[in-house]
J.: 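Sharing a structure with you now.
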Number of protein chains: 2
Amino acid sequence: MARPQRDTRVEILKSAAAAFRRRGYHGATVEEIATALDMNKGNLYYYFRNKEEILYACHQYSLDILLALLDEVLASADPPEVKLRRLIVSFVQTILDELHGTALFMDLQPLAPAHLQKVIARRDRFDRGIRQVLQEGMDTGVFAAGDAKLLAFAILGAVNWIPRWFDPHGAAPSETIAGAFADYLIAGLRQGEGVRLQGCRPRAAGYGAPTTDTKGDGRSKGQGVRSGPKPEARSL
Amino acid sequence: MARPQRDTRVEILKSAAAAFRRRGYHGATVEEIATALDMNKGNLYYYFRNKEEILYACHQYSLDILLALLDEVLASADPPEVKLRRLIVSFVQTILDELHGTALFMDLQPLAPAHLQKVIARRDRFDRGIRQVLQEGMDTGVFAAGDAKLLAFAILGAVNWIPRWFDPHGAAPSETIAGAFADYLIAGLRQGEGVRLQGCRPRAAGYGAPTTDTKGDGRSKGQGVRSGPKPEARSL
DNA sequence: ATACTATTTGAACGCCCGTTCAAATTTCAA
DNA sequence: TTGAAATTTGAACGGGCGTTCAAATAGTAT
């Protein structure tokens with residue numbers, strides 16, 4: 001057959017991504033990744049140095065696709081509202097149809113520091129792209145003023161969460177979901193005549209935190225994942 | 001001291017939830033859960049049968065809190081818009097301040113079938129509660145017509161994603177985030193005079209999939225997680 | 001056929017980690 | 001103080017899984 005090397009590598013990535021999505025990085029075994037392809041697990045080490053490198057390659061694969069999509073939209077001359085809609089729609093459809101749910105859900109911590117750094121940097125580019133479109137819309141006046149960073153997180157959260165409940169065999173196809181999400185997520189941004197009631201008890205800090213970095217450091221904190229080692233914080 | 005049994009159990013849950021959030025179920029070791037409490041790992045088995053039971057208890061703990069919150073709001077006589085705002089605001093604040101980011105992010109698959117079933121059932125209750133408020137708002141006319149199920153997923157996704165980027169030491173406190181998210185997520189629901197442009201290329205299925213279950217089965221599929229064993233689906 | 005490379009195999013190693021358990025220690029009531 | 005129950009300790013076991021590697025096989029040009 002044609003180019004076995006590269007093809008097999010991609011095959012492995014597909015299988016690995018599926019396994020990682022189902023069981024998580026640590027839960028997925030090298031053996032199940034291999035046997036899904038009728039391979040022996042030892043054989044994977046002919047194509048990748050180790051399990052961690054497979055995860056890294058999966059991340060890069062997804063980011064290649066999503067960032068290409070972002071760049072295409074950003075380069076266009078569409079008004080912000082249309083840009084955002086195109087982004088949401090194709091983002092959702094790509095995640096569901098092409099990446100089959102694997103995208104930004106994969107684990108980051110197992111990555112080696114050097115790899116982690118690179119992945120986070122690219123995630124940052126993605127975040128900033130979305131914020132840029134939002135900001136553009138606010139400056140134009142199409143979107144109501146607000147914290148572009150928080151709004152971008154909200155949009156990405158809604159989208160990134162989809163794989164958790166999406167059923168490929170369900171009645172709602174990816175286009176329906178993509179359309180509905182775009183409608184809803186954009187509607188909330190519009191320069192509104194709406195009432196904006198504050199509801200229940202009075203809130204201390206109402207809205208606009210600074211649009212700049214939430215934290216002091218200018219360092220990128222991809223997708224906001226606490227990149228550093230420290231973040232302790234007790235739960236429950 | 002007072003009641004050692006129950007207190008120690010909760011201490012363990014706190015430590016375990018933090019570990020699970022950071023490394024995932026399989027990535028977290030029983031030893032790190034124990035040493036964080038200056039305990040010997042063997043000692044945990046005096047309080048819990050095994051690791052899986054700890055995860056289960058974590059889920060139940062979170063659900064206890066969140067469902068209590070839901071019930072309180074549902075029981076009120078507030079109009080739908082206020083109900084929804086209260087839900088979003090206190091949901092966000094509870095997740096960030098009380099649960100420290102642990103909530104619906106924890107793994108489900110490692111749970112034993114019996115436990116999984118119970119957790120999913122309770123998650124379903126939560127989902128349906130949100131949908132109920134949305135539907136109420138649509139029936140009243142405060143909210144624009146739409147697919148309550150999809151909208152609920154979008155809202156929960158935005159909220160559930162927060163722990164991925166939230167920095168407890170960052171400049172944006174939980175109240176700010178809670179308020180901003182509530183504003184944005186509710187604004188998108190309002191019965192709008194808005195233009196609703198469709199943007200780019202024409203979409204096949206525009207919006208309203210049936211409000212009823214997306215799938216044919218009436219069985220609950222908690223938070224939409226594909227509960228069954230099958231769902232294969234290749235990625236990448 | 002031959003020889004050289006690319007790929008696959010299968011078995012083995014070694015470590016990590018969940019789990020067990022008997023003995024040691026602490027707690028507390030009488 | 002005494003003794004029984006509650007809790008903790010520390011060590012050990014055993015299985016799972018990532019990784020290695022030498023040998024086997026397939027592929028290909030000459």
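In the text below, chain A, chain B and the rest are named by the order of the sequence lines, each starting its count at 1.
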J.: Between dG18(C) atom C1' and Phe48(B) atom CZ, what is the distance in whole Å?
T.: 16 Å

J.: Any side-chain N or O of Tyr46(A) below 4.0 angstrom from OP1/OP2 of dT8(C)?
T.: no

J.: Establish, with yes or no, whether the OP1 or OP2 oxygen of dT19(C) is under 4.0 angstrom from a side-chain nitrogen or oxygen of Tyr45(B).
T.: yes

J.: Give a yes/no verdict on a cation-pi contact between Arg23(B) and Tyr25(A), requiring under 6.0 Å between NZ or CZ and the six-membered ring centre and an angle within 45° of the axis.
T.: no

J.: Both Asp38(B) and Lys41(B) contact DNA chain D. Taking the nearest nucleotide for each, which residue is further toward the 5' end?
T.: Asp38(B)

J.: Can you confirm if the aromatic rings of Trp161(B) and Phe181(B) lie within a centre distance of less than 6.0 Å?
T.: no

J.: Report yes if the distance between the aromatic ring centroids of Phe126(B) and Phe91(B) is under 6.0 Å, otherwise no.
T.: yes

J.: Figure out the CZ/P separation between Arg9(A) and dA6(C), and round it to whole Å.
T.: 16 Å

J.: Does a distance-only test, which skips hydrogens and angles, find a donor-acceptor pair under 3.5 Å between the side chain of Asn40(A) and the base of dG10(C)?
T.: yes

J.: Base, sugar-phosphate, or nothing for Ala34(B), non-hydrogen atoms under 4.0 angstrom?
T.: nothing

J.: Could you give the CG-to-C1' distance, from Leu44(A) to dT8(C), as a whole number of Å?
T.: 11 Å

J.: Tell me the interatomic distance from Glu32(A), atom CD, to dC17(D), atom P, rounded to whole angstroms.
T.: 9 Å

J.: Write down the distance between CD (Glu31(B)) and C1' (dA11(D)), rounded to a whole number of angstrom.
T.: 13 Å

J.: Ignoring the backbone of Lys51(A), work out which of dG18(C), dT7(C), dG18(D) is nearest its side chain.
T.: dG18(D)

J.: In whole angstrom, what separates His26(B)'s NE2 from dG15(D)'s C1'?
T.: 14 Å

J.: Is the Lys NZ or Arg CZ of Arg49(B) less than 6.0 Å from the centre of Tyr56(B)'s six-membered ring, within 45° of the axis?
T.: no

J.: What is the distance, to the nearest angstrom, from the CG atom on Asp7(A) to the P atom on dT7(C)?
T.: 11 Å

J.: Do Ile162(A) and Ile95(A) have side-chain heavy atoms sitting under 4.5 Å apart?
T.: no

J.: Could you state the atom-to-atom distance from CG of Leu37(A) to P of dT8(C) in whole Å?
T.: 11 Å

J.: Using heavy-atom distances to pick each residue's nearest nucleotide on DNA chain D, tell me which of Val30(A) and Asn43(A) is more 5'.
T.: Val30(A)

